[in-house]
K.L.:
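After the structure tokens below, expect a handful of questions from me.
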There are 2 protein chains.
Amino acid sequence: MSVRDETWQSIAEAVGPRTDGEDARQDRAARVWWSCVIEPGDRIGGALIRARGAVEAAEIVRREPAPAELAQLIDVSPAEARAALARWSPRIVHGAGTDAVDRARRHRVVVIVPGDAAWPVQLHDLGDHAPPCLWVRGDVGRLRAAAPAVALVGARAATSYGEHVAGELAAGLAQSGTTVVSGAAYGIDGAAHRAALSSGGTTFAYLAGGCDRSYPTGHSDLLDRIAVGGAVLSEVPCGAAPTKWRFLQRNRLIAAATDATVVVEAGLRSGSLNTAGHAAALGRPLGAVPGPVTSAASAGTHRLLREFDAVCITGAPDIRELLGGEAESDPRAPTAGDADRTRVLDALSERTAWPTSAVAARTGMALGEVEAVLGTLLLEGRVEPAGDGWRRRRG
Amino acid sequence: MSVRDETWQSIAEAVGPRTDGEDARQDRAARVWWSCVIEPGDRIGGALIRARGAVEAAEIVRREPAPAELAQLIDVSPAEARAALARWSPRIVHGAGTDAVDRARRHRVVVIVPGDAAWPVQLHDLGDHAPPCLWVRGDVGRLRAAAPAVALVGARAATSYGEHVAGELAAGLAQSGTTVVSGAAYGIDGAAHRAALSSGGTTFAYLAGGCDRSYPTGHSDLLDRIAVGGAVLSEVPCGAAPTKWRFLQRNRLIAAATDATVVVEAGLRSGSLNTAGHAAALGRPLGAVPGPVTSAASAGTHRLLREFDAVCITGAPDIRELLGGEAESDPRAPTAGDADRTRVLDALSERTAWPTSAVAARTGMALGEVEAVLGTLLLEGRVEPAGDGWRRRRG
């Protein structure tokens, strides 16, 4: 490996005018260089950048260190260091960084780096797996607004039920100012983006390939629309192909860049389960939308509910609750409201048991209504059967 | 209140020939008497029977104790004791017990009591709320066989989806020798009973009224069929009407007499949520079948999944797992099988990261298959991304 003569300065000039301080410009340029050298999620590269900063990390690599030297710097095995240097070497090509920036500029794609106001702060949770920079097509200003963001993901092989629910959820989230994040795939992803746009909301699409490549091509118009009031993002430079590996790593970005992940519809082999896995690994809240148990297209979400403690999501209010907001009363659900519960609890005593008929008389509610509320309160452990009637539980 | 002249002896003679010991005969007769005097779930009556035995408990009540005396015997407040004596008094009618036994005999209904081989042992968990006896129409021998029993319940206002799933679950349980227990209502209950019968399984129906009353009347034939190889049971004597209170208490019996309760389909106001509440209160495993979130008929089961930690049930194997059996591989689910998982885990290392393509090459599996398995393993915390590939997690 010879030291190539591409310098941060040449990339930094390509990145844009000197508005940051010089150190920040150099850091940005070095991160562009790293983005061209490593594959998404490269832990060794990430560790080196975290340990030494992007500029010094790049300079270390460019002077062709011995594997043992690299290993010592970041506390990995010499074998891991050797493998990393071997996979980076062919990518350290003269002009790659400046070419990437030129190409990005032609496609109106800009670079954001950690420390920028637009950088999704949640990505810090990725640690050594964080991307060195992100390439963005669209409204960078929208990335700055610190709105809560939810990943709505699911299978490309979606049913009309799944697409309908994805649309309802995205519209509900958009209307309450929550950003809808997805992967621009056919099926659930597309339905989520489209509904967010129709509802006047903000939506971001993370791609596995470069932002200049509309993938899938059938979603070229959709991606253009997303870029108008939202953003299309990628951690690989323009021109990079969407490989299988990059799809899996793109899924980790979607899970990491959002405050919760909801799988809307997914068969047992859907890639969206991989996104769910990343969300779970990051400790992010995970939701899953149920469907008919007779539908193979919901088998994956049912598995998330059964085995991975995903929260059952039936509407946008459930997702807002998942984000840690207050439990909301769902206007779609004509359930025993707070008022009815209070009336029934007030009509009961902790000491004396009251029959259902007496509770109905005291509350002015119909017997069936009282029974429904009592059933709910029993479920919640607020009341207990006693004698011929019901009693409020102590405490 | 005067001491009535009906004696245990007269009821005991009506109960049947002297095959038990005399004490057991007297106990059985006293429990019949109690069954005619108290409403289902009467905690004061239950506590007195548990403290003094059914015979002595009845003799105490028949000699018209002061409320304070009764209160002291079972550690309740004098007000509760007074209320209990007041509600029992009008029921202590000459001949009620013998009439109930005569009526039962005409309808081929027999009495079982705690200690009988046919008594559902799970009912002991009800404590003071346990019924003094059960009236049974059908095959008492089937009650003796200690097969696992599952309550399949749900709304009368069921959809064709709900009835279909209830039938599939009941057939699956019946085929593996699990008894299907329900409440003989229209909708989910009926579908569960019918499918269990069609599959040659055993099914029990608990009624809110007397066993001689076919309720609902449209299920008269179904109840007759249930009684042939299974049983129709009630805690109230023949002739007793199915009141609202008795429905709620019947639900507690269904939850208590089974090893797990599964709500198949239920709106937010379905009485089956009351059964679920009893199951939860008793610490019984609780399952709920999801459905389309667009269906109001599944809103209640989704609430159980969301808020009450019900287990998501998608088929009979899930219910058998709920019963504490081994996790079964579901033949309906062509998921990443154990063999694929083993192959992928074997191809990975704890120290060196392998790219997906290398894992595919080493396992001879397709890239997409490897990715699906890796997604699952990531979800389970068995693997982690590392460098450009994947690594097995330690431990």
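Below, chains carry the letters A, B, ... as their sequence lines are ordered, and counting in each starts from 1.
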K.L.:
At a heavy-atom separation under 4.5 Å, does A:Ser77 approach chain B through its side chain, its backbone, both, or neither?
P.N.:
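Answer is neither: A:Ser77 stays 4.5 Å or more from chain B.
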
K.L.:
Who in residues 274-284 of chain B is close to chain A, using a strict under-4.5 Å heavy-atom cut-off?
P.N.:
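Within residues 274-284 of chain B, near chain A: B:Asn274, B:Ala276, B:Gly277, B:His278.
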
K.L.:
Quick check on B:Glu168 against chain A: is it the side chain, the backbone, both or neither that has a heavy atom closer than 4.5 Å?
P.N.:
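Contact with chain A: none, neither part.
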
K.L.:
Which region of B:Arg246, side chain (C-beta onward) or backbone (N, CA, C, O), has a non-hydrogen atom less than 4.5 Å from a non-hydrogen atom of chain A, or is it both or neither?
P.N.:
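Contact with chain A is absent: no heavy atom of B:Arg246 under 4.5 Å.
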
K.L.:
So B:Lys244 and A:Thr356, side chain to side chain contact (heavy atoms under 4.5 Å, CB included) or not? Walk me through it.
P.N.:
CA-CA 9 Å; B:Lys244 295 267 182 188; A:Thr356 315; over 6 Å; no

K.L.:
Is the number of heavy atoms from other residues, nucleotides or ligands under 6.0 Å of B:Trp354 CH2 greater than 12?
P.N.:
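At most 12 heavy atoms, drawn from other residues, nucleotides or ligands, come within 6.0 Å of this atom.
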
K.L.:
Between A:Arg87 and chain B, with a heavy-atom cut-off of 4.5 Å, which part of the residue counts as in contact: side chain, backbone, both or neither?
P.N.:
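The answer is the side chain of A:Arg87.
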
K.L.:
Under 4.5 Å from any heavy atom of chain B, what part of A:Glu384 do you find: side chain, backbone, both or neither?
P.N.:
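Neither part, no heavy atoms under 4.5 Å.
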
K.L.:
How would you list, by chain and number, every residue that makes a salt bridge (charged side-chain N to carboxylate O under 4.0 Å, His left out) with A:Arg351, sequence neighbours excluded?
P.N.:
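If we apply the salt bridge (charged side-chain N to carboxylate O under 4.0 Å, His left out) test to A:Arg351, skipping adjacent residues, there are no hits.
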
K.L.:
Hey, mind stepping through B:Thr376 and A:Leu273 against side chain to side chain contact (heavy atoms under 4.5 Å, CB included) and telling me if it holds?
P.N.:
CA-CA 7 Å; B:Thr376 305; A:Leu273 299 185; 5.6 Å; no

K.L.:
Given heavy-atom pairs under 4.5 angstrom as the criterion, report whether the side chain, backbone, both or neither of A:His302 touches chain B.
P.N.:
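Contact with chain B is through both the backbone and side chain of A:His302.
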
K.L.:
Under 3.5 Å, side-chain donor or acceptor atoms of residues 152-160 of chain B against the rest of the protein: list the pairs with distances, not counting sequence neighbours.
P.N.:
unit_1: B:Thr159; atom_1: OG1; unit_2: B:Tyr161; atom_2: N; d: 3.2
unit_1: B:Thr159; atom_1: OG1; unit_2: B:Gly162; atom_2: N; d: 3.0
unit_1: B:Thr159; atom_1: OG1; unit_2: B:Glu265; atom_2: OE1; d: 3.3
unit_1: B:Thr159; atom_1: OG1; unit_2: B:Glu265; atom_2: OE2; d: 2.6

K.L.:
Please determine whether side chain to side chain contact (heavy atoms under 4.5 Å, CB included) holds for the pair B:Arg391 and A:Arg43, giving the CA-CA distance in whole Å, both sets of side-chain angles, and the decisive distance to 0.1 Å.
P.N.:
CA-CA 12 Å; B:Arg391 190 158 56 184; A:Arg43 189 175 67 86; 3.4 Å; yes

K.L.:
Hey, mind stepping through B:Arg306 and A:Ile313 against side chain to side chain contact (heavy atoms under 4.5 Å, CB included) and telling me if it holds?
P.N.:
CA-CA 8 Å; B:Arg306 269 185 66 72; A:Ile313 299 296; 4.2 Å; yes

K.L.:
Quick one: what part of B:Glu80 sits under 4.5 Å from any heavy atom of chain A, side chain, backbone, both or neither?
P.N.:
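Just the side chain, heavy atoms under 4.5 Å.
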
K.L.:
Could I get the full list of salt bridge (charged side-chain N to carboxylate O under 4.0 Å, His left out) partners for A:Glu307, not counting sequence neighbours?
P.N.:
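Testing A:Glu307 for salt bridge (charged side-chain N to carboxylate O under 4.0 Å, His left out), a comparison that skips the adjacent residues, returns A:Arg303.
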
K.L.:
Evaluate the criterion salt bridge (charged side-chain N to carboxylate O under 4.0 Å, His left out) for residue pair A:Glu371 and B:Arg269; output intermediate values, then yes/no.
P.N.:
CA-CA 9 Å; A:Glu371 279 162 6; B:Arg269 287 172 176 279; over 6 Å; no

